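The next block holds one structure in the form of structure tokens; read it before the comments.
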Amino acid sequence: MGSYFNPGNEAFQKMVNSEIYVDKTGLLQYTNRVINTMQGYLCVSRPRRFGKSMAASMLAAYYSRGCDSKELFSGLEISGSRDFEKYLNRYDTIFLNMQEFLSQSRNMEDMLALIQKSVLWDLLEKYPDFRYFDNTNLARTMQDIYHNTKCPFVIILDEWDCIFREYKMDKEAQERYLDFLRNLMKDKSYIHLAYMTGILPIKKYGTHSALNMFDEFSMIDPGPLAPYVGFTELEVYHLCQRYGMDAEEVKNWYDGYSFAGARSIYSPRSVVSCMQFGRIGNYWNQTETFEALQVYIDMNFNGLRDDVLSMIAGERVPANTGSFTNDMATFRTEDDVLTLLIHLGYLGYDYANKCVFIPNGEVRAEYVNAVSVSEWGEISRALKDSADTLRAIWQGRPSQVAESLKKAHFETSHIQYNDENALSYTISLALYAARNFYTLHRELAGGKGFADIVFIPRRNFQDKPALVVELKWDKSAQGAIRQIKEKEYCESLKEYQGNLLLVGVNYDVKTREHECVIEQYQK
């Protein structure tokens, strides 16, 4: 058992021993299915703190000949597979965390030399007596070992893409790295499975990809690996039952990533921390400050600011992910920035409709933090003041609400401020703080029609009044209140009668002023 060759199972054992361990060994059923096939090359990209290293350690513990993991996996999902023992601890396994080598190197040449020297050290210690063509060449040495042992290799690379994050602008270094990996793995009979995990998909350069033998499973399309992106709804429900947490609240803050094979995927780090500490909080962002997001949303691409504001308001916007070159430096269009934010976990992606959205309350808070310190004028101030605007509604101060709406009023290239739909964006931004207490519904059916916006208190905030908001364009706020009553929009909110506020808002085109009327609902 070496440091990099045929490692032990201690890392995965520690994970299984943890107070909260969610069984993701079903992933091994897929890797067993593709092992020693043309599909045995997997590049799995996920955001930070989404369990990438845990999955890599699990694969190493399962395949490595350097340990006996039968008891460790006993009782886990994979142990019920008919092929469980067929592949268990049967492979010469190389497990490398590329960030470790990068941090110990001055440049790419040093890093690649260190990788080769480190792995060769382990290989030659295990197999010292074979006749080697060139025992300073890693690929040739692995080939010679396979020729003598007939035991194939599994290669696992964690943080494989760290080069593209640390050497953002060094194209030559990136290409040398990719060529090294290609020489090590492409068309090599001694490799039966190669598994790479990182944040980014495989870098594209020139007219080809150096690693085009890999199937990619990303946040854009994880395919059959979707249930292993994060925690599924059923897994989180069981945790909520175990720890006495409100499943609705947990869903609002940590759910939102959705794929064809898994409609509700939660941020794993956040859910685990929430259960351990017994409270809803922003946990995923503790490993990186919001300034990292701010760098990207402050990029001066036409339409980017408008789309970010739309998504903060709860909308989805179209995005073309095809032009992204899978690095963190080449941005030619707004779509490239949006695509990177998908891979970083700051946006969810609707594959069927080709659009992006902010997935949950925790991530939305990051956007608000970033916008609040950006040079976004009145929008930044409106977001900061949103708690005061909400309090003004609760306390029946319509003039203050109207003034806050004026501050949040914005003109953009594609959201023209000329109808009730655009006014709804302004309301959503001015009342951003309401998301801490309410679930927001647009066009909610009730009585004889559809209320424009309804704020329904979440389970833990039943002391707050429900809000029915009706919007008018160049008419009157009192007319909006009258419409709520005449069309009986409150019929669907009977449980809140007596604790329900009607809010009418109108925008006067000529005066460019907002008007607000607030009434306590009377049955």
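Just so we're clear, the structure is a prediction, and the values are computed from it rather than from any experiment.
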Check ring-ring contact (aromatic ring centres under 6.0 Å, His included) between [X] and all other residues, then give those that pass, not counting sequence neighbours.
X    : answer
W160 : F164
Y237 : none
F450 : none
F217 : Y30

Taking the six-membered ring for Trp, are the ring centroids of Y177 and Y167 within less than 6.0 Å of each other?
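That pair fails the under 6.0 Å test.
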Assess, by modelled atom type and distance only, whether the side chains of [X] and [Y] contain a donor and an acceptor separated by less than 3.5 Å.
X    : Y   : result
N17  : Q13 : yes
Y190 : D92 : no
S270 : R49 : no
D23  : T25 : yes

Listed partners of [X] passing salt bridge (Lys or Arg N to Asp or Glu O under 4.0 Å), at least two apart:
X    : value
D350 : R316
E362 : none
D110 : R106

Considering all heavy atoms, the nearest [X]-[Y] contact:
X    : Y    : result
M185 : A194 : SD-CB, 3.8 Å
L304 : Y296 : CD2-O, 3.5 Å
M275 : L239 : SD-O, 3.7 Å

For the backbone of [Y] and the side chain of [X], can you confirm whether one donor and one acceptor N or O come within less than 3.5 Å of each other?
X    : Y    : result
K168 : T330 : no
N9   : F12  : no
S18  : K14  : yes
D307 : V317 : no
N6   : T93  : yes
R458 : N436 : yes
Q39  : V34  : no
S57  : M54  : no
S64  : A61  : no
R435 : S428 : no

Could you grab the distance from atom [atom1] of [X] to atom [atom2] of [Y], nearest 0.5 Å is fine?
X    : Y    : atom1 : atom2 : value
N32  : D83  : CG    : CG    : 6.0 Å
T321 : M219 : OG1   : CE    : 13.5 Å
S310 : F357 : OG    : CZ    : 15.0 Å
R279 : E249 : CZ    : CD    : 14.5 Å
N326 : E216 : CG    : CD    : 6.0 Å
Q99  : I163 : CD    : CD1   : 8.0 Å

Contacts of type side-chain hydrogen bond (donor to acceptor under 3.5 Å, both in side chains), residue Q29, not counting sequence neighbours:
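Result, side-chain hydrogen bond (donor to acceptor under 3.5 Å, both in side chains) vs Q29: E77.
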Counting C-beta onward and ignoring hydrogens, is there a side-chain heavy-atom pair between [X] and [Y] closer than 4.5 Å?
X    : Y    : answer
F324 : I220 : no
L102 : C162 : yes
M142 : L184 : yes
S69  : L88  : yes
Q174 : D170 : no
L181 : K186 : no
I297 : R305 : no
C67  : E10  : no

Is atom CD of E172 surrounded by more than 12 heavy atoms (other residues, nucleotides or ligands) closer than 6.0 Å?
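Not buried by this count: 12 neighbours or fewer within 6.0 Å.
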Inspect the surroundings of CD in E109 and state if more than 12 heavy atoms from other residues, nucleotides or ligands are less than 6.0 Å away.
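No.
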Which of these passes side chain to side chain contact (heavy atoms under 4.5 Å, CB included) with Y41: N212, I191, D215?
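Among the candidates, only I191 passes.
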Going through the checks in order, is the side-chain hydrogen bond (donor to acceptor under 3.5 Å, both in side chains) test met by S53 and D158?
CA-CA 6 Å; S53 296; D158 194 14; 2.6 Å; yes
Quick one: which residue pairs count as a salt bridge (charged side-chain N to carboxylate O under 4.0 Å, His left out) with a foot in residues 220-247, not counting sequence neighbours?
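Found K24-E235, E233-K251, D246-R459.
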Single hit among F231, Y257, Y266, Y254 for ring pair (Phe, Tyr, Trp, His ring centres under 6.0 Å) with F50
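The single option meeting the ring pair (Phe, Tyr, Trp, His ring centres under 6.0 Å) with F50 is Y257.
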Picking from Y438, F437, F455, what satisfies ring pair (Phe, Tyr, Trp, His ring centres under 6.0 Å) with F461?
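Testing F461 for a ring pair (Phe, Tyr, Trp, His ring centres under 6.0 Å) against Y438, F437, F455 leaves exactly one candidate, F437.
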Carboxylate-amine/guanidinium contact D179 R176, below 4.0 Å:
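Salt bridge flag = no for R176 with D179.
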Answer yes or no: is there an ion pair linking R165 with E159, defined by an N-O contact shorter than 4.0 Å?
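Yes, R165 and E159 are salt-bridged.
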Using the test side chain to side chain contact (heavy atoms under 4.5 Å, CB included), find all partners of D335 that sit at least two apart in sequence or belong to another chain.
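D335: side chain to side chain contact (heavy atoms under 4.5 Å, CB included) contacts with A319, N320, T333, L338.
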With sequence neighbours excluded, residues passing side chain to side chain contact (heavy atoms under 4.5 Å, CB included) with T31:
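L28, L42, L59, Y63, L193.
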Taking it one step at a time, do C240 and V250 satisfy side chain to side chain contact (heavy atoms under 4.5 Å, CB included)?
CA-CA 8 Å; C240 288; V250 172; 3.8 Å; yes
Check whether Y351 forms a cation-pi arrangement with K354 (NZ or CZ under 6.0 Å from the six-membered ring centre, at most 45° off the ring normal).
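Yes; both conditions hold, so K354 lies above the ring face of Y351.
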Enumerate the ring-ring contact (aromatic ring centres under 6.0 Å, His included) contacts for residues 92-115, please, sequence neighbours excluded, ordered by first and then second residue.
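Non-adjacent pairs meeting ring-ring contact (aromatic ring centres under 6.0 Å, His included): Y4-F101.
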